Every structure is written in C-alpha cells, then in structure tokens.
Amino acid sequence: MKASAETQMPRNFDFAEAEPRLYQWWLDQGHFKPERAPAEAEPFVISMPPPNVTGSLHIGHALFTALEDLMIRHERMRGKAALWLPGTDHAGIATQLQVEKMLRDEGTSREAVGYEEFLRRTWQWKEEQGGTIIRQLRRLGASCDWDRERFTLDDGLSDAVLQAFVTLWEQGLVYRGPRLVNWSPGLQTAVSDLEVETSEEEVTLYYFRYPVEGGGFLPVATTRPETILGDTAVALHPEDERYRHLIGRRALVPILERAIPVIGDAYVDREFGTGALKVTPAHDFNDYELARRHGLPLLNVLNKDASMKAAAGPYAGLDRYACRERLWRDMEAAGLTIKTEAYRTRIPRSQRGGEVVEPLMSTQWYVRIQPLAQKAIDAVRDGRIKIVPERFEKVYFHWLENIQDWCVSRQLWWGHRIPAWYREKDGDPQGEVYVGKDAPPGDGWVMERDVLDTWFSSGLWPFSTLGWPGETADMRRFYPTQVMETGHDILFFWVARMIMLGLWLTDEPPFHTVYLHGLVRAEGGAKFSKTLGNAIDPLTVVDRLGADPLRFTLITSGTPGNDCHLDETRLDHSFRFVNKIWQMTAFINMNLDGELELELPEAAELDLPSRWILSRLHRLIANVSHLFEIYQYGEAGNQILAFMWDELAPFYLEISKEALYGSSPAAKDRARRVLVHVQDCCLRLLHPFMPFMTEEAWRYLPHEGEALILAAWPTADQSWIDDSVEARMSHCLEAVREIRNARGEYKVDPGRRIQAIASVGAAAEDLASNQAILRRLCNVESLTLLDADAPEPAKAASIVVGDLTLSLPLAGMLDLAAERARLEGELGKLADGLERTRKMLANENFVNRARPDVVQRERDRLRELEAAQAQLEARLASLQA
RNA sequence: GGGCGAUUAGCUCAAUUGGCAGAGCGUCCGGUUUACACCCGGAAGGUUGUAAGUUCGAGUCUUACAUCGCCCACCA
C-alpha cells in the first residue's frame with residue numbers, strides 16, 4: 001500500500017488555530033459517535049461524571065476530561081464502539097445557593113419572589129450558564145457524543161427518578177417519618193450524614209450545677225448550654241459511687257425549673273467531664289438513643305432557623321448563640337455555674353455553607369438502604385466490579401457495612417420533587433399519603449414539596465442517561481457501561497450509590513471497573529482555592545499552551561488514586577514535547593518525495609540502527625499497551641516521551657540523515673519507510689494523550705485512513721523485538737558517548753571532523769559497517785579497522801567499550817600526561833563495577849538461586865568489564881613506554 | 001479511637017511479577033552542527049524517613065517507630 005502526505009508542513013503547530021478547527025472537523029465527521037464503529041463492534045462506554053450545570057471548568061474537571069478522553073480515544077482506536085456520554089447535574093443545593101445569592105444582590109429573596117418565580121429564575125439561570133462548562137470541556141478536546149448529552153432534570157431523567165423512587169416505595173424500601181436529622185439552619189434543609197463534615201475546633205466547655213429536687217446539685221458539663229432548655233433527664237453511670245444515690249430523684253432544669261428524672265445508664269463515661277450527663281434527646285444523636293431506651297420525652301427547643309422555640313421560655317425567639325450567652329449569664333447570676341474551660345472537639349459543619357449543623361427533629365423521607373448495600377458489597381466482593389486502585393475496596397466495604405438509612409428528602413425548591421401526594425384526613429393535612437408518578441384520582445391531593453437529594457438522581461446516571469426505565473436501543477447496546485472514572489472523594493456520595501441503585505433497579509452492575517483519580521493540588525500540597533490565589537486555571541493554560549500540554553501533564557503527573565501536585569514547569573515541558581514531536585514530524589515530512597510504500601522492508605534489508613529503532617519501538621508498543629491495561633497511563637506517557645526524546649530524535653533521526661542526504665535511492669526509501677512507520681506509531685500511541693497536535697501532524701505523514709482519531713491502535717510485532725540487535729546498538733552508542741566525552745575533554749571543536757581507528761572487537765564490525773553512527777553522532781569522518789596484529793597509533797586518545805578499543809588520532813591536541821590521567825580515571829570507574837560484579841558472581845547462593853538470566857547478565861557484564869580493563873591497562877602501559 | 005496514603009536528587013515527582021535507583025525544573029561546563037535555541041552535547045547532585053527482619057539480592061515484601069496528609073467514628 002502506497003500513500004502520500006500533505007506537504008509544506010508549517011514550521012510550528014499553531015494550536016490556537018488548529019484546535020477549534022480540528023474539533024469541529026471531528027464533530028462534523030461524526031467521529032465521536034459510537035455508530036462510527038461497525039455494528040458488531042464491542043461497546044466501550046463511560047458515563048461522564050456530570051459537572052454542575054452552572055459551574056465552570058476547574059482543574060479537577062480538566063483531570064477527569066483528560067483521563068476519560070484518553071480511555072475513550074484509546075478504545076476507539078482499538079476498534080470498539082466507544083461512547084462517552086456527557087451531561088450535567090442540576091446540583092440542587094449548589095445551584096439554588098447561586099440563584100439565591102443573585103436574588104440577594106437584587107435586594108430580594110427566594111421567599112419574597114415565591115416558589116414559581118424562583119424556579120423560573122433558576123431555569124433561566126441554567127439556560128444562561130448551562131452551556132459554559134460544556135463549551136469548556138470541548139476546548140479540552142473531549143470526544144463525547146454530544147447528541148446524547150443529558151441533564152439530570154431532563155424529562156427522561158426525571159422520569160427515571162420518579163420510577164426509581166416509586167419502585168423502591170412499592171418494595172417497601174422507602175419510608176417517611178420523624179427522625180433526628182442533621183439540619184442546616186441557613187439552608188433550611190435536612191442534609192445527609194455524608195454532607196456533614198466535622199472540623200476540630202477550640203470551643204468552650206461549660207461546667208454547671210444541676211439542682212436536684214430536695215436539695216443538692218449534680219455537676220454537669222456541656223459545650224452547648226442552650227440545649228439545657230431542652231433537657232429531659234440527667235444521666236449517671238449506675239455504678240458511680242459519687243452520685244448513684246441520686247438516681248430516681250428529680251432534677252430541675254436551670255432557670256426553667258422544669259422537673260426531669262435522674263437516670264442511670266452505663267453509656268455515661270464516669271471519667272469524662274463531671275461524670276454526669278445532661279440528656280437532650282431532641283438535639284443530640286446519642287441522647288436520642290438514650291431517651292429511646294428510657295422512654296424519655298423529646299423536647300424540641302429549636303426552630304428551623306436555629307432560633308429558640310416557645311419551649312425555651314424567656315429565651316424564645318433568641319438565636320441559638322445569643323441564647324447560649326444570655327442563659328449562661330442568667331445561670332451565673334443564679335449561682336449555678338461552676339467554671340468554663342477551653343476544649344478541643346469536633347464540630348459538625350455543613351459541607352456547603354460551612355455553618356454549624358444542628359441535630360433537629362424533622363419528618364423526612366428515607367431509603368432503607370441495607371438490602372441495596374448488601375448487593376453492592378457482593379458485587380465488589382465477587383469481582384463483578386473492580387475498584388482501581390484496589391485499596392479503596394476496603395474503604396468501600398467499611399462504609400457499606402456500617403451504612404445508615406439514607407435521608408433523601410431536601411427542603412429545597414430546585415430538584416426532583418418527591419412523587420408523593422397528601423390529603424387531609426382527621427384534621428391532619430398529611431393524614432393520607434400516596435406515592436406514585438401521578439396524582440391519585442380524587443380531589444384534595446397536594447403534591448409533596450420536598451425534593452430529592454441530588455445524589456439520588458445522579459445515582460441513576462449510568463442507566464437513566466441511556467433511556468431507562470425504557471427498554472431503549474441504547475440500553476440494550478450500551479448498558480452496562482464499562483468504566484466509571486471519577487475522584488475518590490465521591491466514592492460514597494456517588495459511586496456507591498450508583499452501584500447500589502444500579503444493581504437493585506437494573507439487576508446489573510452499572511460498570512465493571514471504577515477508576516479513582518486523586519485530587520489535583522497546588523505546589524506544596526495545598527488545596528487549590530480561589531481565595532488562596534494558587535489555583536491553576538485550566539483555560540488560562542489552554543490559552544497559553546494549548547490543550548495538549550495540559551492533558552499530557554495532568555496524565556503524567558499522577559498515579560491512580562494519589563493526589564498529584566501540578567507543577568507549572570511540567571506544563572512548559574509538555575508544551576516543548578508537543579513542539580518536539582511536531583519538529584520531528586516536520587523533518588520526516590520534508591524528506592519525503594511523493595508516494596511511499598507503507599510496508600516496512602524486510603529485516604534482512606535493514607541496517608543495524610533501523611532494526612534497533614524498530615525493536616525499541618515495538619518493545620515500547622508492548623509496554624504501553626500493557627500499561628494501558630493496568631491503568632498506568634502516566635507511566636505509559638512517560639515511556640513514549642522517553643523513547644521519542646531520548647532514542648528516536650537524538651539517535652535514529654540523526655543517523656537516518658546519512659541515507660536521506662545520500663545518493664542511494666534504495667537507502668533513502670528504506671530510511672523513509674522506517675521513519676514514517678516509527679513516527680506514525682508514536683503519533684497513534686500519543687493521540688489519546690494529545691489529540692490535537694497528533695491529528696494535525698499525522699496528515700503530514702503518508703498514511704492510510706482519513707483521520708488519526710479513527711486509526712488503529714498499534715500492535716507490537718514481536719518479530720521486530722531483538723535483544724541482540726539492541727545490545728549491539730547500545731555498544732555502538734556507548735562508543736559514541738565515550739568519543740563525545742573525549743572530544744569534550746580535549747576541547748576538539750565540535751565542527752571538526754576526526755578519524756577513528758578500531759582494533760578488532762565485537763562492536764568494531766558494527767561501527768565499521770554503519771559508519772553513519774559515528775559520522776552523524778560524533779562527527780567521526782571515517783572509521784578504519786585495524787588488523788589484529790597492527791600496533792595502535794601512539795598519538796591518539798583511546799576509547800574503550802567492552803572489548804573494543806577506538807583510537808582517535810588527535811595530532812597536536814593530545815597531551816600524554818592528560819591522556820594517562822584520563823585513562824586512569826576510566827580505570828577507576830571500571831574498578832567499582834568490577835568489584836561489585838565479581839562479588840556477586842563469587843557468591844554461590846547468587847549463582848545457584850538467582851534467575852538464570854540474571855546470572856548470565858552478570859557474567860556478560862563481567863566479561864565486558866574485564867575486557868575493557870585489559871584494554872585500558874595495555875593502552876596505559878604503551879603510553880608509559 | 002479505627003483505617004488508608006505519603007516520606008526517593010536542591011524542588012516537583014517516577015520506578016507493577018524483588019535484579020546496576022530515573023525524569024522534569026534548577027545548578028555547572030560547552031555549543032546559532034541545514035527538524036527543533038520551544039534546541040543540542042556534556043557534568044555534578046542519592047546510605048530511597050528511622051530501626052530491625054525475610055531473601056543470593058529490598059525503594060519494592062514483613063514488623064515497629066517518627067513526621068505529614070486524608071477518610072471514617074455517638075465522650076457530653
């Protein structure tokens with residue numbers, strides 16, 4: 001097969017011009033669509049973790065885009081029907097907060113504009129902002145099937161949410177009831193356990209006296225004095241000698257003088273605080289349990305905005321913290337206080353607003369999660385789902401094994417309304433409850449106002465986006481998906497929920513592999529944040545360097561599951577790598593001449609350097625393919641870079657000039673075919689890392705096919721991999737290095753051509769028959785072989801590599817004393833290696849127990865080192881004489 | 001309190017069946033060699049956190065410890 005390439009390759013890759021053009025071209029050609037692959041092709045599907053619809057691109061998005069696009073492009077090149085399904089999340093709380101802030105800036109509020117208007121404004125905001133993040137993902141080169149883009153509040157997805165909720169209800173897995181929940185007073189909604197973050201803080205521990213009826217006091221400590229007003233008991237350890245006589249008596253709530261029982265319970269820690277515990281069942285999770293055991297009443301003293309209720313008596317209407325202060329002052333006045341002290345403890349704060357969350361009694365909707373969790377545990381346990389890196393499986397199991405029922409209702413306006421209806425019965429407006437997609441027949445039904453936790457709808461994402469609950473063609477073709485790639489920080493929030501809901505509702509694991517990436521951090525390990533001003537903005541980087549360097553850097557900077565520290569200097573280096581590849585391609589391109597046969601010549605027709613670079617290339621392809629299989633993309637990228645920058649460019653490209661600039665048409669043809677083959681393979685390997693430049697450069701190489709994005713992923717041809725060829729070439733390159741060193745030491749003008757004379761040695765023949773190596777790499781004009789018995793030239797620098805000795809006659813430049821010193825230095829370096837190798841081989845245990853190939857390698861090394869030593873010594877002796 | 005991760009060159013990080021510890025940036029020396037100064041050639045720089053253990057052989061496996069970070073957990 002012959003092919004030609006575009007000519008007149010520009011001097012530089014103009015990413016600013018090329019990136020949008022190439023992206024549009026791929027789109028227009030439909031290359032991102034799985035239908036591009038043959039109908040019988042195996043599917044490969046990734047559901048994109050949907051970013052917040054009104055968000056804008058940060059470095060975390062850039063990382064997942066780089067990784068997922070890499071996987072998708074790789075599998076697409078491997079012939080799969082690759083589908084990367086994009087979309088956005090309505091992000092209930094986050095979006096609602098944004099709109100509320102907007103309203104605040106306008107001097108109004110959510111409550112003031114009302115429910116309908118607020119939703120209208122939110123949708124409007126979504127329409128205005130919704131395209132931003134999608135446009136930004138495109139700039140990075142994301143090869144998503146945009147025709148299948150979804151939004152969690154789309155009709156189809158909303159239907160899936162209703163269906164899922166109703167199904168769980170019908171199966172008895174959804175219930176509604178009053179429970180103590182984590183209440184966010186600022187957001188005025190319940191939040192789930194996961195949305196509460198504890199931070200260790202310095203607070204005050206207040207010690208005070210609890211008056212006991214009939215005289216006496218019980219000393220008690222608390223960090224939240226305002227909850228005293230809601231106490232319904234004081235608890236003691238039943239075996240506490242100090243106080244046990246008080247059990248059964250009644251205590252009086254300070255200021256309010258409400259009488260409450262003194263109870264005994266082994267839960268109380270005698271060592272902590274005063275050893276006596278105030279019990280506030282309505283505002284503390286532990287006390288709630290304690291109260292249940294003892295049949296104590298709940299007394300709610302907090303309103304939903306964290307102001308005090310009427311039950312707080314004189315403090316009613318005060319904010320919780322104002323109440324804390326006022327009550328403590330009053331208690332001081334009443335002589336009930338003992339002392340206060342500084343105390344470090346964990347304070348529960350809302351993941352969103354950061355405000356202190358209050359345990360509060362509230363009626364909420366819950367999913368009975370254990371049955372779902374069990375299936376999710378089993379699926380990972382039996383290997384139907386694999387988590388990469390594996391260590392996260394342990395974390396996953398631990399969470400699922402201790403899981404609590406999931407509070408799925410939120411008192412927000414933006415989200416999926418829970419499909420429940422209430423009707424008044426016996427004076428209770430919610431006396432009758434009905435759950436179903438549509439209102440039941442009959443009058444008087446009012447729909448539930450609460451919405452579902454955002455994670456409920458995103459938990460359905462891998463299948464709701466494909467049309468579930470409909471039995472659509474996409475569901476049949478593309479479900480289950482293959483890989484779920486996301487950050488380890490949302491393993492519980494999202495991944496575990498997808499697995500639970502997926503297994504429960506579709507009876508299939510939604511994906512077979514979970515690949516977790518780490519967080520991108522700033523230099524020094526600090527979290528990126530706008531306030532610190534250390535955020536690397538991916539779009540600024542794209543403007544400055546293009547998308548390819550950013551992608552390559554993100555992928556090669558980290559390993560799976562580990563946080564990575566993004567370093568600006570690496571971005572610059574990646575940019576230079578992109579340029580380097582462009583220049584290499586340009587070099588090949590300008591040395592083409594019309595049509596070229598794409599098949600490689602037979603190995604027997606090729607010279608040593610060509611067979612070497614092909615061996616190295618196919619070894620690289622094998623390594624990279626393996627590394628992709630085990631998700632080691634960073635290492636794969638680094639290996640490609642090392643091959644191109646350290647082997648292909650400085651050695652093979654240089655050596656090939658001999659043929660390209662020479663007079664033999666056959667030699668030129670061979671060199672071109674090897675160069676094109678190697679560069680073509682490299683561009684294919686790199687395409688998933690840096691799609692834009694590789695696609696553009698590929699057009700300037702003779703190739704089959706219309707686009708690199710659809711080109712086949714290279715396969716390693718073992719017949720090219722040849723250890724002996726690599727060993728021979730590496731001896732030659734070793735000689736090159738030594739000659740360069742010698743030239744440097746004798747300050748030989750780099751432009752000056754010199755001669756070399758080789759004594760007989762293993763590499764001598766190779767160097768003599770491949771004169772291009774020395775000529776092109778160290779400016780040795782010609783190498784002559786010396787007869788075995790001929791004397792070596794006297795006025796020459798000596799280069800020793802294994803059993804090969806090269807003499808460089810440097811007439812007039814050589815200083816015999818300096819040469820002796822140089823050779824002695826070389827001998828010194830050899831001695832260390834010799835000693836080490838001899839010691840190893842003298843060790844019988846090593847010789848007998850180590851792998852045979854390892855022993856052989858040491859023997860070969862020893863032989864070479866000894867030969868080199870002998871040569872150096874002989875040379876030195878001749879110089880002394 | 002439990003669990004996990006990290007600790008390797010001045011800095012940021014690699015090193016996946018245990019087999020001579022690498023790269024980028026920085027530093028030093030030398031170069032406008034017709035693909036590339038967005039480059040090329042050379043050099044210096046390491047007791048792989050500490051202490052033991054397993055092994056012919058340990059950055060890699062085991063144990064303990066130290067420091068840092070993260071996750072989970074109901075001591076007011």
Side-chain angles (χ1 to χ4, degrees), chain A residues 9 11-13 198 205-206 220-224 227 235 267-269 271-280 284-290 343 345-346 389 391-392 394-395 398-399 402 488-489 491-492 518-519 521 523-525 545 556-559 561-570 572-591 626-627 630 632 634-635 638 641-642 645-646 649-650 653-654 657 661 737 740-741 743-745 747 749-751 776-779 833 836-837 840 843-851 853-855 857-858 861:
Chain A
M9 188 165 176
R11 231 185 131 66
N12 287 298
F13 175 58
T198 55
L205 186 58
Y206 298 83
V220 174
T222 181
T223 55
R224 296 186 295 158
T227 64
Y267 163 76
V268 180
D269 182 349
E271 311 301 318
F272 187 86
T274 62
L277 173 69
K278 61 187 274 312
V279 182
T280 322
D284 184 287
F285 288 98
N286 294 315
D287 295 2
Y288 182 76
E289 284 306 311
L290 195 63
Y343 179 62
T345 190
R346 299 201 185 280
R391 63 186 152 88
F392 284 104
K394 209 166 161 180
V395 185
H398 182 259
W399 186 69
N402 297 285
H488 65 67
D489 52 329
L491 179 60
F492 305 144
L519 271 49
R521 291 174 178 280
E523 278 175 70
L545 304 172
T556 55
S557 287
T559 46
N562 291 333
D563 295 352
C564 77
H565 296 187
L566 200 56
D567 185 348
E568 293 270 9
T569 66
R570 291 192 64 128
D572 290 326
H573 184 248
S574 298
F575 175 81
R576 301 205 316 267
F577 181 41
V578 169
N579 172 68
K580 181 85 180 172
I581 300 162
W582 182 265
Q583 300 303 336
M584 291 165 76
T585 312
F587 165 75
I588 297 170
N589 176 271
M590 72 177 59
N591 284 291
H626 171 67
L627 289 166
I630 58 174
Q632 296 289 323
E635 178 64 9
N638 285 326
L641 179 143
W645 213 324
D646 302 335
L653 247 55
E654 288 304 322
K657 288 174 183 171
Y661 301 164
R737 257 185 292 276
R740 283 173 172 173
N741 267 327
R743 290 183 66 127
E745 283 185 48
K747 307 212 185 314
D749 185 327
R776 289 286 161 180
L777 299 183
C778 45
N779 217 1
R836 190 195 140 273
T837 312
M840 271 180 100
N843 183 342
E844 277 183 40
N845 280 322
F846 172 72
V847 177
N848 295 332
R849 299 195 197 189
R851 265 196 347 248
D853 62 300
V854 175
V855 177
R857 202 188 312 152
E858 291 302 319
R861 182 173 301 141

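Chain naming here is simple, since letters A, B, ... match the order of the sequence lines and numbering starts at 1 in each. Quantities reported herein were computed from a predicted structural model and do not represent experimental measurements.
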Trainee: With heavy atoms under 4.0 Å as the rule, sort A:Tyr343 into base, sugar-phosphate or nothing.
Mentor: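 A:Tyr343: backbone/sugar contact only, no base atoms under 4.0 Å.
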Trainee: Mind checking the P distance from B:C68 to B:C75? Whole angstroms is fine.
Mentor: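 Nearest-Å result for B:C68 against B:C75 at atom P: 23 Å.
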Trainee: Taking only the P atom of each, what is the distance from B:A64 to B:C4 in whole angstrom?
Mentor: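 Pairwise P distance, B:A64 against B:C4, rounds to 11 Å.
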Trainee: Could you label the plane-to-plane angle of the A:His488 and A:Phe392 rings as parallel, tilted or perpendicular, counting under 30° as parallel and over 60° as perpendicular?
Mentor: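 The arrangement is parallel - the two ring planes meet at less than 30°.
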Trainee: Strictly by Watson-Crick or wobble contacts shorter than 3.5 Å, is anything paired with B:G49, and which nucleotide is it?
Mentor: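 Paired with B:G49, as far as the under-3.5 Å criterion goes, is B:C65.
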Trainee: On a whole-Å scale, what distance lies between the P atoms belonging to B:U60 and B:G19?
Mentor: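 Result for the P pair: 11 Å, nearest Å.
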Trainee: Determine the contact category for A:Ala642: base if any of its heavy atoms lies under 4.0 Å from a base atom, sugar-phosphate if only primed atoms, P, OP1 or OP2 are that close, otherwise nothing.
Mentor: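 No contact.
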Trainee: Determine the contact category for A:Arg851: base if any of its heavy atoms lies under 4.0 Å from a base atom, sugar-phosphate if only primed atoms, P, OP1 or OP2 are that close, otherwise nothing.
Mentor: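 It contacts base atoms.
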Trainee: If we take the C1' atom in both B:C20 and B:C25, what is their distance in whole Å?
Mentor: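 Pairwise C1' distance, B:C20 against B:C25, rounds to 26 Å.
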Trainee: Rounded to the Å, how far apart are A:Arg346 CZ and B:G2 P?
Mentor: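 Going from CZ in A:Arg346 over to P in B:G2 covers 13 Å.
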Trainee: Please evaluate residues A:Asn579 and A:Gln583 with respect to the criterion side-chain hydrogen bond (donor to acceptor under 3.5 Å, both in side chains), reporting the C-alpha separation (whole Å), side-chain torsions for both, the decisive distance (0.1 Å), and the verdict.
Mentor: CA-CA 6 Å; A:Asn579 172 68; A:Gln583 300 303 336; 3.1 Å; yes
Trainee: Which atom names give the shortest non-hydrogen contact between A:Asn845 and A:Asn843, and what distance separates them?
Mentor: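 Distance-wise, the nearest heavy atoms are N-OD1, 2.9 Å.
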Trainee: Considering only atom P, compute the distance from B:U63 to B:A6 and round it to an integer number of Å.
Mentor: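 So the two P atoms sit 14 Å from each other.
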Trainee: So do the side chains of A:Leu641 and A:His573 get within less than 4.5 Å of each other, counting heavy atoms only?
Mentor: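 Yes. Closest side-chain heavy atoms under 4.5 Å.
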Trainee: With both distances under 3.5 Å as the test, what is the Watson-Crick or G-U wobble partner of B:G26?
Mentor: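 Partner of B:G26: none found under 3.5 Å.
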Trainee: Any chance you could measure A:His398, atom NE2, to A:Asn402, atom CG, to the nearest 0.5 Å?
Mentor: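 Spacing of NE2 (A:His398) from CG (A:Asn402) equals 4.5 Å.
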Trainee: Counting heavy atoms from C-beta on, name the nucleotide in B:A35, B:G19, B:C71 closest to the side chain of A:Leu653.
Mentor: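 Closest nucleotide to the A:Leu653 side chain: B:A35.
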Trainee: Can you check whether A:Val854 reaches A:Arg857 side chain to side chain, under 4.5 Å on heavy atoms?
Mentor: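 In short, these two side chains touch, coming nearer than 4.5 Å.
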Trainee: Determine the contact category for A:Glu858: base if any of its heavy atoms lies under 4.0 Å from a base atom, sugar-phosphate if only primed atoms, P, OP1 or OP2 are that close, otherwise nothing.
Mentor: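 The residue A:Glu858 makes no contact with any strand.
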Trainee: A:Thr345 near the nucleic acid: base, sugar-phosphate alone, or nothing, with a heavy-atom cut-off under 4.0 Å?
Mentor: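 Sugar-phosphate, no base atom in range.
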Trainee: Scan A:Ser574 against the nucleic acid and name what it touches under 4.0 Å (heavy atoms): base, sugar-phosphate only, or nothing.
Mentor: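 Since no nucleic acid heavy atom lies under 4.0 Å of A:Ser574, the category is nothing.
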Trainee: With the side chain of A:Glu635 defined as its heavy atoms from C-beta on, choose the nearest nucleotide among B:G24, B:A76, B:A14.
Mentor: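 Minimum distance to the A:Glu635 side chain belongs to B:A14.
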Trainee: In whole Å, what is the span from the CG atom of A:Asn402 to the P atom of B:G1?
Mentor: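 In whole Å, B:G1 P and A:Asn402 CG are 19 Å from each other.
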Trainee: Scan A:Ala850 against the nucleic acid and name what it touches under 4.0 Å (heavy atoms): base, sugar-phosphate only, or nothing.
Mentor: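 Answer is base: heavy atoms of A:Ala850 come under 4.0 Å of a base.
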Trainee: With respect to the side chain of A:Asn579, which nucleotide from B:C36, B:A14, B:C74 is positioned closest?
Mentor: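 Output: B:C36.
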Trainee: Rounded to whole Å, please give me the gap between NZ in A:Lys394 and P in B:G5.
Mentor: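 Distance, rounded to whole Å: 7 Å.
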Trainee: Between A:Phe492 and A:Thr556, which has a closest nucleotide on RNA chain B that is more 5'?
Mentor: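 The residue mapped nearer the 5' terminus is A:Thr556.
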Trainee: For atom C1', what is the distance between B:A9 and B:A43, given to the nearest Å?
Mentor: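 Result for the C1' pair: 14 Å, nearest Å.
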Trainee: Whether the side chain of A:Asn589 engages the backbone of A:Thr585 through a donor-acceptor N/O pair (distance < 3.5 Å, no angle test) should be reported.
Mentor: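 Judged by distance alone, no pair lies under 3.5 Å.
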Trainee: Could you check which of B:U16, B:U12, B:G42 has an atom nearest any side-chain atom of A:Asn741?
Mentor: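 So the nucleotide nearest the side chain must be B:G42.
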Trainee: Check every atom of B:C40, B:A15, B:A35 against the side chain of A:Trp645 and return the nucleotide holding the closest atom.
Mentor: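 The listed nucleotide nearest to A:Trp645's side chain is B:C40.
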Trainee: Using the side-chain heavy atoms of A:Val854, tell me which of these nucleotides is nearest: B:C38, B:G19, B:G41.
Mentor: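 The answer is B:G19, which lies nearest to the side chain.
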Trainee: For a quick check of understanding: with a heavy-atom distance under 4.0 Å over all strands, which category does A:Tyr267 fall into, base, sugar-phosphate or nothing?
Mentor: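 Base contact.
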Trainee: When you get a sec, tell me which of B:C38, B:A43, B:A76 is the closest nucleotide to the side chain of A:Phe272?
Mentor: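 Minimum distance to the A:Phe272 side chain belongs to B:A76.
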Trainee: Quote, to the nearest angstrom, the P distance that separates B:U50 from B:C39.
Mentor: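 Going atom to atom, P in each nucleotide, I get 37 Å.
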Trainee: What is the distance from CG of A:Leu566 to P of B:C25, rounded to the nearest Å?
Mentor: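 It is 15 Å, rounded to the nearest whole Å.
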Trainee: Any strand is fair game: report the nucleotide pairing with B:G19 by Watson-Crick or G-U wobble, both distances under 3.5 Å, or none.
Mentor: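 With both distances under 3.5 Å, B:G19 matches B:C56.
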Trainee: Within the structure shown, what part of the strands sits under 4.0 Å from A:Arg11 by heavy-atom distance: base, sugar-phosphate, or nothing?
Mentor: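 A:Arg11: backbone/sugar contact only, no base atoms under 4.0 Å.
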Trainee: Could you identify the nucleotide paired to B:C36, looking across every strand shown and requiring Watson-Crick or G-U wobble geometry with both distances under 3.5 Å?
Mentor: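 Pairing partner, where one exists within any strand: none, as none qualifies.
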Trainee: Could you tell me whether the side chain of A:Arg743 and the main chain of A:Cys778 form a donor-acceptor pair under 3.5 Å?
Mentor: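 Judged by distance alone, yes, a pair lies under 3.5 Å.
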Trainee: How close or far is atom P of B:A35 from atom CE of A:Met584, stated in whole angstroms?
Mentor: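 Atom-to-atom, A:Met584 to B:A35, this comes out as 13 Å.
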Trainee: Do A:Tyr267 and A:Leu277 have side chains that approach each other closer than 4.5 Å (heavy atoms only, starting at C-beta)?
Mentor: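 They are in side-chain contact.
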Trainee: Would you kindly give the CG-to-C1' distance between A:Leu491 and B:G5, to the nearest whole Å?
Mentor: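 So the two atoms are 15 Å apart, to the nearest Å.
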Trainee: Please name the nucleotide paired to B:C70 by Watson-Crick or G-U wobble geometry with both distances under 3.5 Å, or report none.
Mentor: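 Checking every strand shown, B:C70 finds its partner in B:G3, with both distances under 3.5 Å.
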Trainee: Between B:A35, B:G19, B:G24, which nucleotide gets closest to the side-chain atoms of A:Met590?
Mentor: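 Of the candidates, B:A35 comes closest.
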Trainee: Which part of the nucleic acid, if any, lies within reach of A:Leu205 when heavy atoms closer than 4.0 Å are counted: base, sugar-phosphate only, or nothing?
Mentor: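 The residue A:Leu205 makes no contact with any strand.
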Trainee: Mind checking A:Asp269 for me? I need base, sugar-phosphate or nothing, with any heavy atom below 4.0 Å counting as a touch.
Mentor: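 The residue A:Asp269 makes base contact.
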Trainee: Of all the choices, B:C74, B:A35, B:G5, which nucleotide is nearest to the side chain of A:Phe587 once you look at every atom?
Mentor: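 Of the options given, the side chain of A:Phe587 lies nearest B:A35.
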Trainee: Identify which nucleotide among B:C40, B:G42, B:A76 has an atom closest to any side-chain atom of A:Lys580, counting heavy atoms from C-beta outward.
Mentor: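 Minimum distance to the A:Lys580 side chain belongs to B:C40.
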Trainee: Hey, does A:Lys278 reach any base, or is it just sugar-phosphate, or nothing, if we go heavy atoms under 4.0 Å?
Mentor: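 Here A:Lys278 touches no strand at all.
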Trainee: Answer with base, sugar-phosphate or nothing: what part of the nucleic acid does A:Arg861 contact at a heavy-atom distance below 4.0 Å?
Mentor: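 It contacts base atoms.
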Trainee: Between B:C40 atom P and A:Lys657 atom NZ, what is the distance in whole Å?
Mentor: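 So the two atoms are 11 Å apart, to the nearest Å.
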Trainee: Toward the 5' end of RNA chain B, which comes first, A:Trp399 or A:Phe392, by nearest nucleotide?
Mentor: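 Upstream on the strand: A:Phe392.
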Trainee: Would you kindly give the CG-to-C1' distance between A:Asn845 and B:G19, to the nearest whole Å?
Mentor: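 Interatomic distance, CG of A:Asn845 to C1' of B:G19: 16 Å.
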Trainee: Between B:G31 and B:C36, how far is it from one C1' atom to the other, in whole Å?
Mentor: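 After rounding to an integer number of Å, I get 15 Å for this pair.
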